[in-house]
Each structure stands twice: as structure tokens, then as C-alpha cells.
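One structure is given below, encoded as C-alpha cells.
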Amino acid sequence: MSSLSTHILDISTGKPAPGVTVFLARDERVLAQGITDGNGRIGAFSVPLTPGRYRLVAQTGEWFAQHDVATLFPCAQIDFVITEGVEEHFHLPFLIAPGGWSTYRGS
């Protein structure tokens, strides 16, 4: 079984984004949720990942609103696939800003 972690960094300030709610879903069903810690991290979701398609959704709009920052985007999401025979850790960070967001596969 594979595992998953995430990290959210506000690149407009160069600082982590603590307190962001993040959902892990599969087939439109929420499997797990977490809130980023003081370093903007969720070290592990409590659900083992089996082969299939998943969606990681960060509620960035709520977080920016709490900091009185306007944003066009209510959330940032990463769709990803775990393939058969893959058993490894996936670290999928979010780089957020009021005007956009990005991701990459971390380690």
C-alpha cells in the first residue's frame, strides 16, 4: 500500500500555510481529511492508498479569507493516480498564492 503526505506554502509570503483543511477523495467520496500544522504540513493521511484515481483538495479560499486576502480560487486540487504494483510514499505539496497555485511531486 502507498501512503500520502502534503505541504502547503504561501509563495506570496514565502511562509507555510498552517490551518488549511485538506481532503483526500476517491470516486467523489471523502476518504480522509486533515488540517495543516504550524509548518503547513500534513505528515500522513490515515488511509492506505490502493491502485486507483484520487483527488487531494486544499480549501485555500477559506484560508485566504481568514487572512483578509482576496482570491479567485476557492480551492486547489491535485488529481493523481496510483498504479498497480506501486507501493511507495507520495508527497504532493501545494504552492499557493492569491492569484494561482501549483504542485509537484516531492520526496
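Source: prediction; values computed, not measured.
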Applying a strict under-4.5 Å side-chain criterion to I, L, V, M, F, W and Y, I'd like to know whether F23 and I42 cluster together. no
What are the two closest heavy atoms between L31 and Y54, and how far apart are they? CD1-CE2, 3.7 Å
Nearest 0.5 Å, please: how far is CG in N39 from NZ in K15? 13.0 Å
Would you call V22 and L24 a side-chain contact if the rule is heavy atoms closer than 4.5 Å? no
Would L92 and V47 show up in the same hydrophobic cluster when neighbours are defined by side-chain heavy atoms closer than 4.5 Å? yes
A side-chain contact here means heavy atoms from C-beta on lying under 4.5 Å apart; do Y104 and P93 qualify? yes
CZ of F90 to OG of S2, rounded to nearest 0.5 Å, is 4.5 Å
For A17 versus T36, what's the shortest heavy-atom pair and its separation? O-OG1, 2.6 Å
Nearest-0.5 Å distance that lies between atom CG in L49 and atom CD1 in I82: 5.0 Å
What is the distance from atom CZ of R29 to atom CZ of R55, rounded to the nearest 0.5 Å? 14.5 Å
Can you measure from CD (Q77) to CG (L56) and round to the nearest 0.5 angstrom? 9.5 Å
Considering only distance and modelled atom types, tabulate donor-acceptor pairs under 3.5 Å from the side chains of residues 60-69, sequence neighbours left out.
unit_1: W63; atom_1: NE1; unit_2: P18; atom_2: O; d: 2.7
unit_1: H67; atom_1: ND1; unit_2: W63; atom_2: O; d: 2.7

Is the shortest side-chain N to carboxylate O distance from R53 to E28 below 4.0 Å? no
Side chains of S5 and H91: any donor to acceptor distance under 3.5 Å? yes
Please round to the nearest 0.5 Å and tell me the distance separating atom OG1 of T103 and atom CG of D79. 11.0 Å
Does the side chain of L95 reach to within under 4.5 Å of the side chain of W101, using non-hydrogen atoms? no
Taking every non-hydrogen atom, the tightest pair across F45 and G34: CE2-N, 4.1 Å
Taking all non-hydrogen atoms of both residues, which atom of P98 and which atom of A70 are closest, and how far apart? CB-O, 3.4 Å
All heavy atoms of L4 vs all of H89, minimum pair found to be C-CE1, 3.7 Å
F94 vs L9 side-chain heavy atoms within contact, under 4.5 Å: no
Across all chains, not counting sequence neighbours, the side chain to side chain donor-acceptor pair (under 3.5 Å) partners of S12 are D10
I96 side chain near F73 side chain, heavy-atom distance below 4.5 Å: no
